[in-house]
**Q** 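Structure provided below as structure tokens; questions to follow.
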Amino acid sequence: MNYQELANLIFPDAKDISYYEAKYPERNLPEGAIVTRFAPSPTGFVHIGSLCQALVARTVAKRTGGVFFLRVEDTDQKREVENGVTGIVKSLQEFDMAPDEGQIGENEEIGNYGPYKQSLRKEIYQSYAKYMLSIGKAYPCFATPEELEEMRAKQEAAKVRTGYYGVWAKYRNLSIEEAAEKIKAGVPYIIRFKSPGREDRKIKHKDIIKGNVDFPENDQDIVIIKADGLPTYHFAHAVDDHLMHTTHVIRADEWLSSVPLHLQLFQEMGFKPPKYAHISPIMKNDNGNKRKLSKRKDPEAAVNYYTELGIPNLAVKEYLLNIANSNFENWRKQNKDASIDEFDFQLNKMSVSGALFDMVKLLDVSKIVISKYTAEEVYEKAIEWAKVYDKELANLLEKNKEYSLKVLGIERGNEKPRKDIAKWSDLKENINYMYDEKFEKIKHNYELQKINDKEKIKKILNTYAEKYFNIQDDKQVWFDKLKDLAEEFGYAREVKEYKENPDKYEAHVGDVSTVIRIAVTGRANTPDLYAIMQVLGKDTVLKRLNSFA
RNA sequence: GGCCCCUUGGUCAAGCGGUUAAGACAUCGCCCUUUCACGGCGGAGACAUGGGUUCGAUUCCCGUAGGGGUCACCA
């Protein structure tokens, strides 16, 4: 019996690999085009780090006229989560990062290099495993879990490296006949790669992000086909990225230490290896220690978290780009209105070590993103969010669209737009008082400022309402009248004047306008009071001036 | 523990043997004809540590410490 016959015995129906080699020919792409992929396992929601990785992969593919595809790595059936694929596809769509090819729904896909779901590629992997068996580079292993555990215990006791390698690889040198006999007798087995590596030899790897990294060669006879017939990650990676013609594997740096294995696999299978770029994870400070953002422990690890808070997806992407290429920020400053697709992203500029996640910075980016939206855009995006997360806000905005647009348009669209909204969940609190029905329900707990005598305040408000307030006034006239009002009550007309003679005056025009601001809006801090009054309209302003208690 | 990687202000980070060691966020102060926000100006704040190499090290080499990753029939 020879290797080929053993291979036939194990995978009698598997096709010859030439079939697949012909079926998935080289891609016809321009020179320098990068083919990348996002290859998550459908085990729940998308992690912010995965999103970052997908964003980077997609960006470099787009910039080079290449392809970005989505492959679903569902070879571990135990970890599978219902609708896992849908969640991933949806998240990518929401972030405007739909793949060029690959999985586009739980069971739908596009592209010529599929299937893109690994569980549907079982036959392909088996063909390649058969090929490896037939050339003696893989073999069946009959070790039971107990046996492996025992081996590990021995290794630990002897303080040697754990794993299935060298002398420990018990079934590596089993004769073909013996192996065949066991298989025929129904002894359970899996398929292992017969590693030609030696631990005392080094391999050189040049990672696009990490740079030169030298490792000992891989000498582990890793499992390539599991008991359930599905491949392990390593084997699937080699087969898929070969067949799908991935040029650049961009993935989390937890994979870096598998590079020697992966390179060896490509080598032994006769595949051209891809280039690798290992991305550092996004970290979190946990009691003074850095650690990866964890899906289980940290709500902010899931991309949905940001969606729920109402942080625009664009802001999340800009923040991630910021972490990924720190010159993004400068570029953004110089290209305020450009699409992020125009940014010249460089993989090799990515940081070698993991960055601590900074919510404050994200919110700052978000503020800037939102400040650039027109009133109409704010209206649409806020409603889209509110319909899911805050019905009350949605109703408020929708009840009178025209009016809402005016409210949202206050101090927006000029060259120094307001930057007071960082997320849609802040919005309601910011605009509540512009709606009379809300204003009346707010329990006003006025924090009176410098002028705090209630009787005096009422007098000021009355005087203002009767003598000075005119909705038709332009801003200068309106402001001059406030000064007149201040003067009438013996306050300083100008703030400067007050500051120069602090003993001469009790207060100044700013304090007077604060009184009016509080009466009209219920708060001491608001956007431009003139603009607010214009939007509220004469009747509402008068009503509020007169009803202050 | 073995192997691999990392270490510049509170955070993200420029920097590739000679710099007053950029910039952004945060923070503090002042200014911006009324608050807030914006904007402007300014302040404080960093090369983990010990040895080399060098005329000269944040930059190169070695050690130490600290941090991270990885060692599955999980990805």
Side-chain angles (χ1 to χ4, degrees), chain A residues 39-41 43 73-76 78-79 118 141 143 145 148 152 156 159-164 188-192 199 205 207 210-211 213-216 220 222-228 230-234 236-237 251-260 278 280-281 283 285 288-292 319 322-323 325-330 332-333 349 351-365 367 371 411 414-421 430 449 476 479 482-483 486 494-496 508-518 521 523-530:
Chain A
S41 46
T43 53
E73 311 227 321
D74 59 344
T75 55
D76 185 2
K78 290 174 297 246
R79 297 209 311 172
Q118 290 183 330
C141 169
L148 292 172
R152 157 175 285 271
E156 276 170 4
K159 299 207 159 118
V160 298
R161 274 187 306 132
T162 55
Y164 201 92
Y189 63 95
I190 46 88
I191 309 296
R192 283 186 188 271
E199 210 237 355
H205 164 62
D207 194 87
K210 304 281 181 184
V213 191
D214 295 351
F215 293 98
Q220 299 273 348
I222 57 117
V223 175
I224 58 174
I225 300 289
K226 302 184 283 185
D228 58 9
L230 286 168
T232 53
Y233 171 86
H234 310 291
H237 156 52
R251 61 186 3 176
D253 75 355
E254 64 198 66
W255 291 111
L256 185 63
S257 59
S258 302
V259 163
H278 287 94
S280 313
M283 319 283 282
N285 191 318
N289 284 349
K290 267 183 164 187
R291 54 152 237 258
K292 260 201 306 192
Y319 172 70
N322 222 332
I323 288 186
N325 266 191
S326 62
N327 56 323
F328 173 79
E329 210 162 18
N330 268 333
R332 174 46 94 204
K333 222 170 198 174
K349 278 190 186 159
S351 173
V352 185
S353 52
L356 239 34
F357 177 75
D358 186 350
M359 189 67 177
V360 176
K361 179 76 178 179
L362 203 210
L363 290 177
D364 184 71
V365 172
K367 271 184 206 167
S371 77
E411 287 188 82
N414 43 4
E415 70 276 36
K416 287 183 190 176
R418 283 192 76 79
K419 293 187 182 170
D420 52 351
I421 300 170
N430 269 293
Q449 308 291 307
Q476 192 55 53
F479 192 52
L482 282 184
K483 291 182 178 180
E494 309 287 346
V495 179
K496 270 205 184 102
H508 57 74
V509 59
D511 300 310
V512 173
S513 71
T514 296
V515 165
I516 295 170
R517 184 188 308 276
I518 289 176
T521 67
R523 58 184 69 195
N525 304 334
T526 70
D528 182 47
L529 186 55
Y530 176 77

**Q** Report yes if at least one side-chain N or O of A:S351 is closer than 4.0 Å to OP1 or OP2 of B:A13; otherwise report no.
**A**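 Yes, such a contact exists.
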
**Q** Decide side chain to side chain contact (heavy atoms under 4.5 Å, CB included) for A:T526 and A:R517; before the verdict, give the C-alpha distance in whole Å, the side-chain angles of both, and the deciding distance to 0.1 Å.
**A** CA-CA 8 Å; A:T526 70; A:R517 184 188 308 276; 2.6 Å; yes

**Q** Scan A:P417 against the nucleic acid and name what it touches under 4.0 Å (heavy atoms): base, sugar-phosphate only, or nothing.
**A**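 Answer is sugar-phosphate: A:P417 comes under 4.0 Å of backbone atoms only.
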
**Q** What nucleic acid atoms does A:D420 come within less than 4.0 Å of, heavy atoms only: base, sugar-phosphate, or nothing?
**A**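 Sugar-phosphate: the residue A:D420, judged by heavy atoms under 4.0 Å, touches backbone atoms but no base.
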
**Q** Just to confirm, is there a sub-4.0 Å distance from OP1 or OP2 of B:G69 to any side-chain nitrogen or oxygen of A:K210?
**A**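 Checking A:K210 against B:G69: no side-chain N or O falls below 4.0 Å of OP1 or OP2.
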
**Q** Could you tell me how far apart A:M359 (CE) and B:C12 (C1') are, to the nearest whole angstrom?
**A**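 Spelled out: CE on A:M359 to C1' on B:C12 is 16 Å.
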
**Q** Which part of the nucleic acid, if any, lies within reach of A:A355 when heavy atoms closer than 4.0 Å are counted: base, sugar-phosphate only, or nothing?
**A**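 Sugar-phosphate, no base atom in range.
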
**Q** Without decimals, in angstroms, what is the distance between A:E156 CD and B:C71 P?
**A**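 In whole Å, B:C71 P lies 14 Å from A:E156 CD.
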
**Q** State whether A:R251 places a side-chain N or O below 4.0 Å from either non-bridging phosphate oxygen (OP1 or OP2) of B:A75.
**A**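 The answer is no; no side-chain N or O of A:R251 sits under 4.0 Å from OP1 or OP2.
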
**Q** Just so I know, are the side chains of A:E494 and A:K483 near enough to count as touching, which here means a heavy-atom distance under 4.5 Å?
**A**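 The answer is yes, as the side chains (C-beta and beyond) meet within the 4.5 Å cut-off.
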
**Q** Considering only B:C73, B:C4, B:A75, which nucleotide approaches the side chain of A:A227 most closely?
**A**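 Looking only at side-chain atoms, A:A227 lies closest to B:C73.
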
**Q** So do the side chains of A:L256 and A:F215 get within less than 4.5 Å of each other, counting heavy atoms only?
**A**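 Of all side-chain heavy-atom pairs linking A:F215 with A:L256, at least one is under 4.5 Å.
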
**Q** Looking only at non-hydrogen atoms, find the nearest pair between A:Y319 and A:N322 and report the distance.
**A**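 Looking at all heavy atoms of both residues, the shortest contact is O-CB, 2.9 Å.
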
**Q** With sugar-phosphate meaning primed atoms plus P, OP1 and OP2, does A:P231 contact a base, only sugar-phosphate, or nothing at under 4.0 Å between heavy atoms?
**A**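 Answer is sugar-phosphate: A:P231 comes under 4.0 Å of backbone atoms only.
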
**Q** Could you give the distance separating B:U7 and B:A26 at their P atoms, to the nearest angstrom?
**A**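 My reading of the P atoms in B:A26 and B:U7 gives 26 Å.
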
**Q** Using atom P of each nucleotide, how far apart are B:G9 and B:U49 to the nearest Å?
**A**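 One P to the other, the span is 10 Å.
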
**Q** Suppose you measure atom C1' in B:G67 against the same atom in B:A75; what distance do you get, rounded to whole Å?
**A**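 Each nucleotide's C1' atom is 25 Å from the other's.
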
**Q** Any base atoms under 4.0 Å from A:L356, or only sugar-phosphate, or nothing? Heavy atoms, all strands.
**A**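 Here A:L356 touches the backbone only, sparing every base.
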
**Q** Using a heavy-atom cut-off of 4.0 Å across all strands, would you classify A:S353 as base, sugar-phosphate, or nothing?
**A**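 Result for A:S353 = sugar-phosphate.
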
**Q** Distance check needed: B:C12 C1' versus A:I323 CD1, whole Å only.
**A**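 The distance from CD1 of A:I323 to C1' of B:C12 comes to 7 Å, rounded to the nearest Å.
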
**Q** Looking at A:L230 and A:T75, what are the two nearest heavy atoms and their distance?
**A**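 Nearest heavy atoms, A:L230 then A:T75: CD1-O, 3.7 Å.
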
**Q** Regarding A:E73, tell me which of base, sugar-phosphate or nothing describes its non-hydrogen contacts under 4.0 Å with the strands shown.
**A**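 Since only primed, P, OP1 and OP2 atoms lie under 4.0 Å of A:E73, the category is sugar-phosphate.
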
**Q** With a 3.5 Å distance limit and no angle check, can you tell me whether A:T232 reaches the backbone of A:V223 through a side-chain donor-acceptor pair?
**A**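 The answer is yes, because a donor-acceptor pair under 3.5 Å joins these two groups.
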
**Q** The side chain of A:V509 is closest to which nucleotide in this list: B:G68, B:U34, B:A24?
**A**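 When the side chain of A:V509 is considered, B:U34 is the closest of B:G68, B:U34, B:A24.
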
**Q** State, with a plain yes or no, whether a side-chain heavy atom of A:S351 is found less than 4.5 Å away from one of A:I323.
**A**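 Contact flag for A:S351/A:I323 side chains = no.
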
**Q** Which one, B:C74, B:U33, B:U35, comes nearest to the side chain of A:N525?
**A**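 Nearest to the side-chain atoms of A:N525, counting from C-beta on, is B:U35.
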
**Q** Would you classify A:N285 as touching base, sugar-phosphate or nothing, given that sugar-phosphate means primed atoms plus P, OP1 and OP2, and contacts are heavy atoms under 4.0 Å?
**A**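 The residue A:N285 makes no contact with any strand.
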
**Q** Could you check whether any side-chain heavy atom of A:S41 comes within less than 4.5 Å of a side-chain heavy atom of A:Y233, counting everything from C-beta outward?
**A**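 With C-beta onward as the side chain, the pair stays apart.
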
**Q** On a whole-Å scale, what distance lies between the P atoms belonging to B:C32 and B:A44?
**A**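 23 Å, rounded to whole Å.
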
**Q** Looking at A:K226, does any N or O in its side chain come under 4.0 Å of the phosphate oxygens OP1/OP2 on B:A75?
**A**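 True: A:K226 side-chain N/O within range (under 4.0 Å) of B:A75 OP1/OP2.
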
**Q** Taking the C1' atom of each, how far is B:A57 from B:G68, in whole Å?
**A**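 To the nearest whole Å, 27 Å.
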
**Q** With nearest nucleotides of RNA chain B determined for A:K361 and A:R517 from heavy-atom distances, which residue corresponds to the more 5′ nucleotide?
**A**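 Comparing both residues, the 5'-ward one is A:K361.
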
**Q** Round to the nearest Å and state the distance from A:Q118 atom CD to B:C74 atom P.
**A**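 Value for this atom pair: 13 Å.
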
**Q** Roughly how many Å apart are B:G23 and B:G18, using the C1' atom of each and rounding to a whole number?
**A**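 Approximately 22 Å lies between the C1' atom of B:G18 and that of B:G23.
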
**Q** When we call it a touch if two heavy atoms are under 4.0 Å apart, what does A:K367 touch: a base, just sugar-phosphate, or nothing?
**A**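 Since no nucleic acid heavy atom lies under 4.0 Å of A:K367, the category is nothing.
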
**Q** Closest approach to the side chain of A:K290, judged atom by atom: which nucleotide of B:C38, B:C73, B:G68 is it?
**A**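 Output: B:G68.
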
**Q** May I ask you to say what A:F357 touches in the nucleic acid, namely base, sugar-phosphate or nothing, with a heavy-atom cut-off under 4.0 Å?
**A**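 Result for A:F357 = nothing.
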
**Q** Just how far, in rounded Å, is C1' of B:C6 from CG of A:D207?
**A**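 To the nearest whole Å, that distance equals 14 Å.
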
**Q** Could one point to a donor on the side chain of A:S257 or the base of B:U70 with an acceptor on the other under 3.5 Å away?
**A**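 Side chain to base: no pair below 3.5 Å.
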
**Q** Heavy atoms under 4.0 Å, any strand shown: does A:F215 hit a base, just sugar-phosphate, or nothing?
**A**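 Sugar-phosphate contact only - A:F215 comes under 4.0 Å of backbone atoms but never of a base.
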
**Q** Verify side-chain hydrogen bond (donor to acceptor under 3.5 Å, both in side chains) between A:S280 and A:K210, making sure each step is shown before the conclusion.
**A** CA-CA 9 Å; A:S280 313; A:K210 304 281 181 184; 3.2 Å; yes

**Q** Just compare B:U33, B:U70, B:U11 and give me whichever is closest to any side-chain atom of A:E254.
**A**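 Between B:U33, B:U70, B:U11, the one nearest the side chain of A:E254 would be B:U70.
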
**Q** Of the nucleotides B:A14, B:U70, B:C74, which has the atom closest to the A:T232 side chain?
**A**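 Comparing B:A14, B:U70, B:C74 against the side chain of A:T232, the answer is B:C74.
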
**Q** Does A:A143 reach a base, just sugar-phosphate, or nothing at all? Heavy atoms under 4.0 Å.
**A**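 It contacts base atoms.
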
**Q** Which comes earlier along RNA chain B counting from the 5' end, the contact point of A:Y233 or that of A:R161, where each point is its nearest nucleotide?
**A**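 The answer here is A:R161.
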
**Q** Heavy atoms under 4.0 Å, any strand shown: does A:T75 hit a base, just sugar-phosphate, or nothing?
**A**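 The residue A:T75 makes sugar-phosphate contact but no base contact.
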
**Q** In whole angstrom, what separates A:H237's NE2 from B:C74's P?
**A**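 To the nearest whole Å, that distance equals 17 Å.
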
**Q** Determine: side-chain N/O of A:K496 to OP1/OP2 of B:U34, distance under 4.0 Å, yes or no.
**A**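 So the side-chain polar atoms of A:K496 never come under 4.0 Å of the phosphate oxygens OP1 or OP2 of B:U34.
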
**Q** If we call it a pair only when both distances are under 3.5 Å in a Watson-Crick or G-U wobble match, what pairs with B:U49?
**A**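 Looking at the geometry, B:U49 pairs with B:G63.
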
**Q** In terms of side-chain heavy atoms of A:K333, which of B:A24, B:U33, B:C25 is nearest?
**A**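 Selected nucleotide: B:A24.
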
**Q** For A:Q476, answer base if it contacts any base atom (sugar-phosphate contacts may also be present), sugar-phosphate if it contacts only those atoms, and nothing otherwise; contact means non-hydrogen atoms under 4.0 Å.
**A**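 Touches a base.
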
**Q** Within less than 4.0 Å of OP1 or OP2 of B:C74, is there a side-chain N or O belonging to A:S41?
**A**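 For B:C74, neither OP1 nor OP2 has a side-chain N or O of A:S41 closer than 4.0 Å.
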
**Q** Which value, in whole Å, describes the distance between the C1' atoms of nucleotides B:A46 and B:A13?
**A**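 Approximately 12 Å lies between the C1' atom of B:A46 and that of B:A13.
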
**Q** Whole angstrom is fine here: how far is it from CH2 in A:W255 over to C1' in B:C5?
**A**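 My rounded result for the distance is 17 Å.
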
**Q** Measuring only the P atom in each nucleotide, how far is B:C71 from B:U64? A whole number of Å is fine.
**A**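 Comparing P positions in B:C71 and B:U64 gives a spacing of 25 Å.
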
**Q** Quick one: A:K419 NZ to B:A37 P, roughly how many Å, whole number?
**A**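 My rounded result for the distance is 13 Å.
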
**Q** Check this for me: does the side-chain of A:R523 come within 3.5 Å of the base of B:U35 through a donor and an acceptor?
**A**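 No pair found.
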
**Q** For the side chain of A:K292, counting heavy atoms from C-beta on, which of B:U70, B:C73, B:A37 is nearest?
**A**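 Selected nucleotide (nearest to the side chain): B:U70.
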
**Q** Looking at B:C55, which nucleotide sits across from it as a Watson-Crick or G-U wobble partner, both distances under 3.5 angstrom, or is there none?
**A**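 Base partner found: B:G18.
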
**Q** Go through it in stages, so that I can follow the logic: the residues are A:Q476 and A:Y530, the test is side chain to side chain contact (heavy atoms under 4.5 Å, CB included), and I'd like the CA-CA distance, side-chain angles, deciding distance and then a yes or no.
**A** CA-CA 10 Å; A:Q476 192 55 53; A:Y530 176 77; over 6 Å; no

